[in-house]
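For the single chain, residues carry numbers from 1 onward in sequence order. Atoms within a ligand are numbered from 1 in the order they appear, just like the ligands themselves.
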Amino acid sequence: MNLSELAQGIAGGGDGREIPVTGLFSDSRAVQPGALFAALSGVKADGASFVREAEAKGAVAILAAEGADLPTDLPVLRAADPRRALALMAARFSGPQPKTIVAVTGTSGKTSIAAFVRQIWSAAGHPAASIGTTGVVAPGRDEYGSLTTPDPIELARLMAELAAEGVTHAAMEASSHGLDQRRLDGVHLSAAAFINLGRDHLDYHPTVEDYFAAKMRLFDTLLPTGAPAVIFADDTWSDRAMAIALQSGADVLTVGRKGTFLALKRLEHERHRQIAEIEAEGRIHRVVLPLAGEFQMANALVAAGLAIATGVEPGQALHSLEGLKGAPGRLELAGTTASGAPVFVDYAHKPEALENVLSAVRPFTTGRVIVVFGCGGDRDRGKRPIMGEIASRLADIAIVTDDNPRSEVPASIRAEIMAAAPGAEEIGDRHAAIRAAVASAGAGDTVVIAGKGHETGQTVGTTVHPFSDHQEVRAAIREAGQ
Ligand SMILES: CC(=O)N[C@H]1[C@@H](OP(=O)(O)OP(=O)(O)OC[C@H]2O[C@@H](n3ccc(=O)[nH]c3=O)[C@H](O)[C@@H]2O)O[C@H](CO)[C@@H](O)[C@@H]1O[C@H](C)C(=O)N[C@@H](C)C(=O)N[C@H](CCC(=O)O)C(=O)O
Ligand SMILES: Nc1ncnc2c1ncn2[C@@H]1O[C@H](COP(=O)(O)OP(=O)(O)OP(=O)(O)O)[C@@H](O)[C@H]1O
Ligand SMILES: N[C@H](CCC[C@H](N)C(=O)O)C(=O)O
Ligand SMILES: [Mg+2]
């Protein structure tokens with residue numbers, strides 16, 4: 001593709017330049033000959049200082065912010081918002097995307113909702129994909145990815161690959177980082193959804209309002225006017241999300257107890273499933289959701305809403321909920337102890353998620369709720385005492401352990417949690433903590449191993465040690481039985 005074609009209507013300065021561009025890069029270290037290098041200013045570095053390196057590696061053009069001072073003789077494309085310009089160019093460069101793409105935002109539930117939408121579409125006969133924290137899942141693919149929302153160049157390439165493989169429907173997670181950094185700006189959305197807002201990523205976003213505003217870009221900037229916005233109606237932030245979506249001209253469809261598009265009329269919990277009555281288009285549907293936890297019902301309603309909004313018949317979408325499989329590591333039953341106590345692995349690594357998961361298991365726990373959890377290093381420190389308080393309030397036995405300490409001193413992270421968790425026990429070694437929890441569980445008890453979910457490693461310093469909560473639970477149960 002020529003530079004002028006690539007830039008047309010997106011960035012200034014490239015008009016008429018018939019220079020072939022063979023690829024797009026925002027990291028100078030990866031630049032290939034013939035590439036356009038996007039010099040972006042980031043959290044840690046300024047891409048402008050790597051222009052010479054990109055040029056030396058064979059870059060043929062630069063994309064930069066208006067006014068950025070660049071040491072180069074290469075043609076420079078200028079844009080007021082270069083991250084958005086890069087996402088739009090990447091989409092143009094990579095080509096066709098699946099016909100129907102939906103994105104979901106919110107603090108907790110995105111991975112689950114994306115996985116559920118994929119399953120409902122597949123049941124309706126559509127070749128479907130999901131993209132998010134647990135990776136990319138599509139017919140013939142199950143690949144782990146490192147980011148919840150991939151960077152825009154990779155995302156555009158992935159969408160084009162999926163389309164070429166025959167995938168017509170894709171559901172993706174829109175993280176606040178992803179939205180803020182314009183990673184999704186080149187994605188052609190058919191519908192979008194909001195699930196909830198809680199505390200997260202306050203190391204990146206200066207305030208909760210800023211965090212919320214980043215999430216709302218999905219509706220006020222990215223969703224085309226008139227497209228459906230599915231909004232979970234029962235969260236404390238729902239009304240504000242609805243108002244923003246309405247103001248932006250979206251077709252707002254609400255789901256939940258207060259919802260009107262899919263109205264949850266009644267919900268009954270059993271140990272590993274829940275039975276719901278859901279009203280859609282004036283008809284009541286009885287649905288047996290084979291997953292524990294009321295929050296999963298919320299996720300299922302948003303997923304069904306997205307599937308219906310993109311053409312699946314309501315009765316069929318709701319019926320598909322009966323066959324849903326939870327996303328890996330989301331309140332997933334990893335084993336049952338010899339005394340009959342279920343042991344769940346869950347990805348709760350932020351306050352509301354921990355609160356929800358502990359509340360979710362209480363109704364079917366006749367004995368004690370036992371939780372093992374920690375907090376990641378190099379992430380929002382403010383959540384540590386909040387999670388400590390939640391665990392000691394909602395669990396009968398709370399064991400504070402290590403999550404991914406990263407560059408921090410593990411004992412200091414635990415101390416920040418312990419300070420707000422009266423009565424909690426501290427066992428730094430996650431292997432030992434899981435064993436202690438499993439060993440102490442008796443009949444009627446429920447064990448929750450929180451924080452790492454699907455993860456397969458534990459990051460200590462910069463080393464990732466193989467570690468799986470699932471495997472540890474199974475080993476602990478085996479050893480306890482010997
Ligand atoms: C903090 C953060 O989000 N950083 C993201 C951001 O990087 P950045 O632009 O701020 O990076 P920077 O280091 O300041 O560098 C500025 C620019 O100089 C370039 N550079 C840098 C060094 C060099 O030698 N040459 C060079 O060209 C960089 O490529 C970059 O373009 O933009 C990059 C491109 O899109 C992302 O890859 C990168 O994600 C990093 C790896 C990351 O860890 N992000 C996490 C926190 C994240 O995004 N998480 C969310 C949410 C998780 C969830 O809750 O589910 C996610 O979506 O995964
Ligand atoms: N609707 C919900 N409301 C509250 N908590 C939830 C909800 N859905 C999931 N959770 C909790 O959050 C955890 C993560 O769920 P999920 O991975 O689906 O969310 P996510 O938004 O993708 O999170 P992340 O941003 O960490 O990737 C679950 O393991 C569970 O503890
Ligand atoms: N995408 C999230 C995942 C956190 C998972 C948790 N196990 C931790 O390490 O804090 C993050 O990087 O902040
Ligand atoms: Mg996720």
Gly12 backbone acceptor or donor facing Arg78 side chain under 3.5 Å: no
Enumerated ligand 2 atoms positioned under 4.0 Å from heavy atoms of Glu173: 22 (O), 27 (O)
Any N/O pair Gly109/ligand 2 closer than 3.5 Å: yes
Among Arg430, Glu455, Arg379, the one residue meeting side chain to side chain donor-acceptor pair (under 3.5 Å) with Asn404: Glu455
Identity and distance of the protein heavy atom lying nearest atom 18 (O) of ligand 2: Ser112 OG, 2.6 Å
Which of the ligand 1 atoms, numbered from 1, are nearer than 4.0 Å to a heavy atom of Gly47: 18 (O)
Aromatic ring pairing His169/Trp121, orientation class (parallel under 30°, perpendicular over 60°, tilted between): perpendicular
Heavy-atom donor-acceptor pair, Asp445 side chain to Val369 backbone, under 3.5 Å: no
Residue part near ligand 2, for Gln296, under 4.0 Å between non-hydrogen atoms: neither
Test ring-ring contact (aromatic ring centres under 6.0 Å, His included) applied to Phe467 - qualifying residues, sequence neighbours left out: His431
Phe194 and Phe219 aromatic ring geometry - parallel, tilted or perpendicular at 30°/60° bounds: perpendicular
Side chain, backbone, both or neither: the part of Arg183 lying under 4.0 Å from ligand 1 by heavy atom: side chain
For atom 23 (O) of ligand 2, closest protein heavy-atom neighbour: Lys350 NZ, 3.6 Å
Ring centres under 6.0 angstrom apart (Phe364, His269): no
Lys110 near ligand 1 by a heavy-atom separation under 4.0 Å: no
Ligand-residue contact atoms, ligand 1 with Leu147, heavy atoms, under 4.0 Å: 37 (O), 42 (C), 44 (N), 45 (C), 47 (C), 48 (O), 58 (O)
Which of the ligand 2 atoms, numbered from 1, are nearer than 4.0 Å to a heavy atom of Thr133: 27 (O)
Closest to atom 15 (O) of ligand 1 (judged by heavy-atom distance), picking from Ala174, Pro152, Ala45: Ala45
Part of His177 with heavy atoms under 4.0 Å of ligand 1, whether side chain, backbone, both or neither: side chain
Heavy-atom nearest neighbour in the protein, as seen from atom 5 (N) of ligand 2, with distance rounded to 0.1 Å: Ser108 CB, 3.5 Å
Close-contact set for ligand 1 against Gly42 heavy atoms, below 4.0 Å: 8 (P), 9 (O), 10 (O), 14 (O), 16 (C)
For atom 26 (C) of ligand 1, closest protein heavy-atom neighbour: Phe50 CD1, 3.3 Å
Protein N, O or S atoms lying under 2.8 Å from the Mg ion (ligand 4), listed by chain and number: Thr111 OG1, Thr133 OG1, Glu173 OE1
Residue and atom name of the nearest protein heavy atom (relative to atom 17 (O) of ligand 2), distance in Å to one decimal: Arg330 NE, 2.6 Å
Within-cut-off N or O pair, Ser26 and ligand 1, under 3.5 Å: yes
Short N or O distance, Glu352 and ligand 2, threshold 3.5 Å exclusive: no
Option with minimal heavy-atom separation from atom 17 (C) of ligand 1, where the choices are Asp46, Leu40, Thr149: Leu40
Atom 8 (N) of ligand 2 [closest protein heavy-atom partner, distance rounded to 0.1 Å]: Asn299 ND2, 3.0 Å
Ligand 1 atoms in contact with Arg83 (distance to a heavy atom under 4.0 Å): 8 (P), 9 (O), 32 (O)
Lys350 N/O to ligand 1 N/O under 3.5 Å: no
Short N-O contact, Arg273 and Glu270, less than 4.0 angstrom: yes
Atoms in ligand 2 with a heavy atom of Ile195 nearer than 4.0 Å: 1 (N)
For ligand 2, the portion of Asn196 having any non-hydrogen atom under 4.0 Å away: side chain
Under 4.0 Å to a heavy atom of Phe37 - the qualifying atoms of ligand 1, by number: 27 (O)
Protein contact to atom 29 (O) of ligand 2 [nearest heavy atom, distance to 0.1 Å]: Asp346 OD1, 2.7 Å
Numbered atoms of ligand 2 (with element) below 4.0 Å of His349, judged on heavy atoms: 26 (O)
Ion pair Arg384/Glu416, N-O distance below 4.0 Å: yes
Heteroatom proximity flag, Ser41 to ligand 1, N/O under 3.5 Å: no
Thr107 and ligand 2 - part of the residue with a heavy-atom distance under 4.0 Å: backbone
N/O donor-acceptor pair under 3.5 Å between Arg362 side chain and Leu394 backbone: yes
Backbone N/O of Gly377 and side chain of Asp403: donor-acceptor pair under 3.5 Å: no
Given Phe295, Tyr347, Phe344, the one that forms side-chain contact (heavy atoms from CB on, under 4.5 Å) with Arg330: Tyr347
Heavy-atom nearest option to atom 22 (O) of ligand 2, drawn from Thr105, Val104, Thr111: Thr111
Contact check: Ser175 vs ligand 1, nitrogen or oxygen atoms, below 3.5 angstrom: yes
Sub-4.5 Å side-chain heavy-atom contact between Pro75 and Ile62: no
Closest to atom 25 (N) of ligand 1 among Gly145, Ser28, Pro82 (heavy-atom distance): Ser28
Cationic N near anionic O, under 4.0 Å, Glu268 to Arg266: yes
Going by atom type alone, with no hydrogens or angles, which donor-acceptor pairs under 3.5 Å involve a side-chain atom of residues 43-50 and a protein atom two or more places apart or on another chain?
unit_1, atom_1, unit_2, atom_2, d
Asp46, OD1, Ala48, N, 3.1
Ser49, OG, Asp46, O, 2.6

Sub-4.0 Å atoms of ligand 2 with respect to non-hydrogen atoms of Ala348: 29 (O), 31 (O)
Protein heavy-atom partner closest to atom 7 (C) of ligand 2 - residue, atom, separation in Å: Phe295 CD1, 3.4 Å
Heavy atom of Phe25, distance to ligand 1 below 4.0 Å: no
Result of checking Asp180, Asp210, Asp185 against Arg217 for salt bridge (Lys or Arg N to Asp or Glu O under 4.0 Å): Asp185
4.0 Å protein heavy-atom contact status of atom 32 (O) of ligand 1, strictly under: yes
Pair Ser176-Tyr204, side-chain donor/acceptor within less than 3.5 Å: no
Any side-chain donor near an acceptor of the partner, His285 and Glu279, under 3.5 Å: no
Salt bridge (charged side-chain N to carboxylate O under 4.0 Å, His left out): pairs with one or both residues in residues 291-304, sequence neighbours excluded: Arg257-Glu294
Thr254 side chain vs Thr260 backbone, donor-acceptor pair below 3.5 Å: yes
Protein residue, atom and distance nearest to atom 4 (C) of ligand 2, heavy-atom basis: Asn356 ND2, 3.1 Å
